[in-house]
Amino acid sequence: MEFIEFKNIFKVYKNGVSALADVNLTIARGEFVFIIGQSGSGKSTLTKLLYREEKPTKGTVNVGGINVGKLKNGNVYKLRRKIGVVFQDFKLLPKLNVYENIAYPLESYGMKSSEIRVKVLKALERVGLKDKIRSYPNQLSGGEQQRVCIARAIVNEPKLIICDEPTGDLDPKMSKEIMKVIENINKELGSTIIMATHDKEIVNRMKKRVICLHNGVVVSDKKKGSYTQNENV
Amino acid sequence: MRMFRIIGKSIKDAFKSVFRNFSLSMASISCTAVTLILVAIALLITYNVRSITQDIEDVLTIVVFVDTKATAGDVENLKNDINFLSNVDGKKTIYNTQEEIVDSLKKDESMKEILEILNDAPIQSTFVISVKDVKKLTDTAKEIEKMDFVNYVKYGENLVNKIVSMFDVVKNACIVAVVALILVTAFLISNTIKITIFSRRQEINIMRLVGTSNIVIKMPFLIEGFVLGVIGSLVPVLLTIYGYTFLFDFVGGKLFTDLIVLVKPNEIIYLTSLVIVIVGGIVGMFGSTRAVRKYLKV
Ligand SMILES: Nc1ncnc2c1ncn2[C@@H]1O[C@H](COP(=O)(O)OP(=O)(O)OP(=O)(O)O)[C@@H](O)[C@H]1O
Ligand SMILES: [Mg+2]
């Protein structure tokens with residue numbers, strides 16, 4: 001069985017919007033995959049199924065042998081601890097500062113604070129935010145918040161990292177650096193990376209697998225894809 | 001170790017939250033305090049009524065005067081018949097023979113003369129009977145009166161009977177009130193925490209998404225409920241301790257007559273206080289579990 005499997009996935013939201021239709025995909029351990037497509041094509045929905053923020057209306061999603069849709073509410077946290085997520089809307093805790101936000105998941109798992117400190121500082125260093133350690137989310141720019149979110153996703157060095165538009169609020173230089181961080185984690189730790197993005201330049205430069213969605217349907221899936229070939233979909 | 005860290009942090013969070021939402025917390029603490037004061041009053045009344053009823057029941061006996069013609073065998077039969085009645089507490093039935101009564105009277109100097117005067121007047125043997133249910137005292141007495149070799153019976157006044165029945169009603173009403181008030185308290189605390197939770201549902205959602213387990217998310221709210229309940233019980237506890245002692249001294253420890261003696265403060269105020277604190281804390285936690293449940297499903 002592959003690391004990640006989408007089998008005949010349909011997703012219809014409560015308001016009747018059909019976000020995904022008959023999606024079939026497999027992703028291997030350690031793979032680096034881009035998901036591209038127009039706004040509203042279902043990229044975020046597809047990633048949300050992986051950590052069960054949404055459940056499929058039909059079909060099964062398997063992550064590391066776990067049938068995600070069947071997971072009980074009380075056990076979902078076990079899955080989420082193995083996945084780092086860079087959310088499109090950051091989802092930082094407003095009352096915690098940068099350090100505390102990144103440390104929060106580890107703290108809630110009950111890790112020792114000395115151990116947490118080492119990990120958080122390392123993650124902060126990777127995203128280049130060491131000088132903002134005591135700032136609160138509302139004191140940060142969009143790009144800085146995004147980097148905090150990235151730091152939180154990688155702090156526990158998870159085997160699966162899901163990034164939803166991780167460079168949406170970054171300038172080209174910072175985008176490049178962040179992509180390097182994520183690529184390094186992919187190479188050093190062998191983490192699987194799934195990244196939804198609109199950033200043509202990054203997709204074209206990285207020469208990774210590219211899955212293109214259109215109206216909730218997979219319209220192309222290329223091993224060393226680029227944005228241009230899908231541009232007119 | 002891990003659990004200690006999580007609980008320690010939860011306690012800190014809970015106190016932070018109580019102070020952050022100070023006005024709301026105060027509102028629920030005062031409501032809780034008011035209901036717990038009523039619970040305390042109801043408890044104190046219940047204790048007192050139970051003790052007073054007990055006192056009255058203990059002094060309420062049926063005295064049976066046995067015919068002087070009765071032989072030892074007749075008396076034995078009569079005793080068995082009496083103890084056979086379902087309302088008679090057989091273990092407490094006391095038989096005083098003619099001679100015993102005379103002896104005990106003789107011990108008293110002033111009675112000696114009277115006895116000499118009475119000399120030949122018949123002194124009858126008696127049974128002193130305690131009943132299990134004072135409300136049926138009259139019926140039991142009448143049944144005994146019909147038995148052979150019973151000259152006549154004497155038993156407690158009807159008025160005392162009525163007081164005891166009335167106290168029974170008061171006691172039951174108090175128990176119902178206590179249960180109802182506890183439910184009201186749970187509801188109040190549950191609502192307060194619902195509001196704190198509602199304003200934090202976004203945070204809870206984020207915590208869930210980064211892999212925090214439900215119990216860890218719930219803990220601060222549980223502790224918050226506990227803290228609210230315990231703080232809410234402080235004023236009722238003080239009122240119980242000082243208020244009851246004051247009232248007890250004020251009325252001199254009894255109501256209307258010497259027959260109705262109140263329970264001494266030392267015997268009940270600490271137990272009542274403990275019950276109030278425990279009720280406050282448990283009800284607070286119960287209220288908060290109810291409030292959190294809905295937000296842990298994402
Ligand atoms: N919670 C929701 N309830 C109802 N409809 C939703 C919900 N989330 C998404 N949708 C709808 O589902 C479709 C797919 O949305 P999705 O967020 O997956 O798109 P996307 O590809 O991530 O877009 P973008 O590039 O703008 O982030 C859209 O039509 C959207 O309106
Ligand atoms: Mg999206």
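First the proteins, then the strands, lettered A, B, ... as listed; each starts at 1.
The shortest non-hydrogen separation linking Asn73(A) to Asn214(B) is O-ND2, 4.3 Å.
Summarising the local packing, NZ of Lys82(A) is surrounded by 12 or fewer heavy atoms from other residues, nucleotides or ligands at distances under 6.0 Å. With a 6.0 Å radius and a threshold of 12 heavy atoms from other residues, nucleotides or ligands, Lys194(B) has its NZ atom above the threshold. The local environment of CZ in Phe286(B) is sparse, with at most 12 non-hydrogen atoms from other residues, nucleotides or ligands closer than 6.0 Å. The local environment of CZ in Phe187(B) is sparse, with at most 12 non-hydrogen atoms from other residues, nucleotides or ligands closer than 6.0 Å. Counting non-hydrogen atoms of other residues, nucleotides and ligands closer than 6.0 Å to CD of Gln202(B) gives a total of 12 or fewer. Heavy-atom neighbours of Tyr13(A) OH from other residues, nucleotides or ligands within 6.0 Å: above the threshold of 12.
Residue Leu79(A): no heavy atom, backbone or side chain, is found under 4.5 Å from chain B. With a 4.5 angstrom heavy-atom cutoff, Lys95(A) touches chain B only via side-chain atoms.
You'll find the side chain of Phe87(A) reaches within 4.5 Å of the side chain of Leu209(B), heavy atoms only.
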side-chain contact (heavy atoms from CB on, under 4.5 Å) between Tyr77(A) and Val216(B), intermediate numbers included: CA-CA 11 Å; Tyr77(A) 74 95; Val216(B) 173; over 6 Å; no

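In this structure, CD on Glu53(A) lies 11.0 Å from CZ on Arg208(B), to the nearest 0.5 angstrom.
Proximity of a side-chain donor or acceptor of Arg80(A) to a complementary backbone N or O of Thr212(B) within less than 3.5 Å is not detected.
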